[in-house]
Amino acid sequence: MMFIDPHIHMTSRTTSDYEAMRDAGIVAIIEPAFWLGQPRTETGSFKDYFSSLIGWERFRASQFGIKHYCTIGLNSKEANNEALAEEVIEMLPLFVAKEGVVGVGEIGYDDQTEAEEKYFRLQLDLAKEVNLPVQIHTPHRNKKAGTIRSMEVCIEHGIDPGMVIVDHNNEETVKDVLDRGFWAAFTIYPFTKMGNERMVEVVKKYGSKRISINSAADWGISDPLAVPKTAALMHERGISAEDIRMVCYQNALTSFGQSGQFNESDWLNDVPIDQSQRFSGSSILRGGQSPDKNERSNIIR
Ligand SMILES: [Zn+2]
């Protein structure tokens with residue numbers, strides 16, 4: 001079975017993650033622009049980060065046989081640094097127009113402040129203008145209220161709910177999101193929040209229509225194999241292969257495919273891995289390693 005992880009921050013992950021993801025059947029991923037843990041103090045840091053999402057990280061993924069796409073946006077947390085936020089907003093139109101950018105994201109609310117609201121709205125207008133899907137980060141605190149508010153603001157800005165992927169749902173938010181016609185994405189975290197046991201129950205209750213899952217793996221405790229592992233658990237618990245395909249592959253493809261930048265043919269007709277390739281003169285090989293052209297494992301066992 002092929003999988004898509006439509007929310008994963010590979011910038012924070014390792015080459016062995018890429019290898020394990022490929023081995024588990026992940027063919028394509030979307031990396032949303034987000035907060036790096038260390039708050040940025042310069043606009044140039046955003047510029048270089050956005051450039052790496054469409055440049056270096058895409059190249060790095062390709063060296064492990066995975067197609068990499070991204071969404072570009074100003075994250076809600078750093079929207080609270082208004083002086084910086086103004087400059088980042090000005091730079092966004094340039095980046096959302098780049099090849100392989102499948103949406104504006106991840107944007108929305110963190111603490112639900114006025115500044116977050118202002119920059120969320122500005123970015124919704126941008127998404128509408130360039131006709132790209134919106135990937136919404138819903139807050140971890142006051143989740144239900146924040147999720148509903150996010151959707152209401154989208155509607156106010158004349159955005160079609162079918163163009164909006166609302167992320168980090170749980171049992172309390174899913175019904176509202178589906179009833180209003182938005183896509184409901186779920187982040188599967190190990191140990192806490194939305195675990196995969198709970199996800200199985202959500203799919204049993206709500207079915208597979210407009211529901212997708214992701215790992216949101218980043219620099220925190222998270223699992224880059226959350227999508228294939230949850231698929232395996234769904235299978236074990238009697239969910240049909242078609243429902244699993246919808247939740248772990250097709251719905252991500254259909255929703256972000258509306259960008260015109262996310263096509264199945266990209267990975268179905270892909271060329272074999274060639275690790276002798278270089279990006280701006282750099283390759284992923286270290287100290288005399290030879291290029292992998294035959295699926296050899298890079299992990300020292
Ligand atoms: Zn994220």
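Ligands are counted one by one from 1 in listed order, and the atoms in each one are counted from 1 as well. Each residue takes its place number in the sequence, starting with 1.
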Discussion item. Arg121: which residues meet the salt bridge (charged side-chain N to carboxylate O under 4.0 Å, His left out) condition with it, sequence neighbours left out?
Written reply: Glu117, Glu156

Item to complete: Classify the angle between the aromatic ring planes of His137 and His140 as parallel (below 30°), tilted (30 to 60°) or perpendicular (above 60°).
Response: perpendicular

Worksheet item: If we only count heavy atoms from C-beta on, is the Ile273 to Phe64 side-chain gap below 4.5 Å?
Response: no

Discussion item. Checking side-chain polar atoms at under 3.5 Å, does Glu106 have a donor or acceptor matched by the opposite partner on His9?
Written reply: yes

Worksheet item: How many protein N, O or S atoms sit closer than 2.8 Å to the Zn ion (ligand 1)?
Response: 3

Discussion item. Taking Arg141 first and then Asp110, would you say they form a salt bridge - that is, a charged N and a carboxylate O separated by under 4.0 Å?
Written reply: yes

Worksheet entry | Derivation and outcome, salt bridge (charged side-chain N to carboxylate O under 4.0 Å, His left out), residues Glu86 and Lys118 | CA-CA 10 Å; Glu86 285 296 333; Lys118 175 180 169 189; 2.9 Å; yes

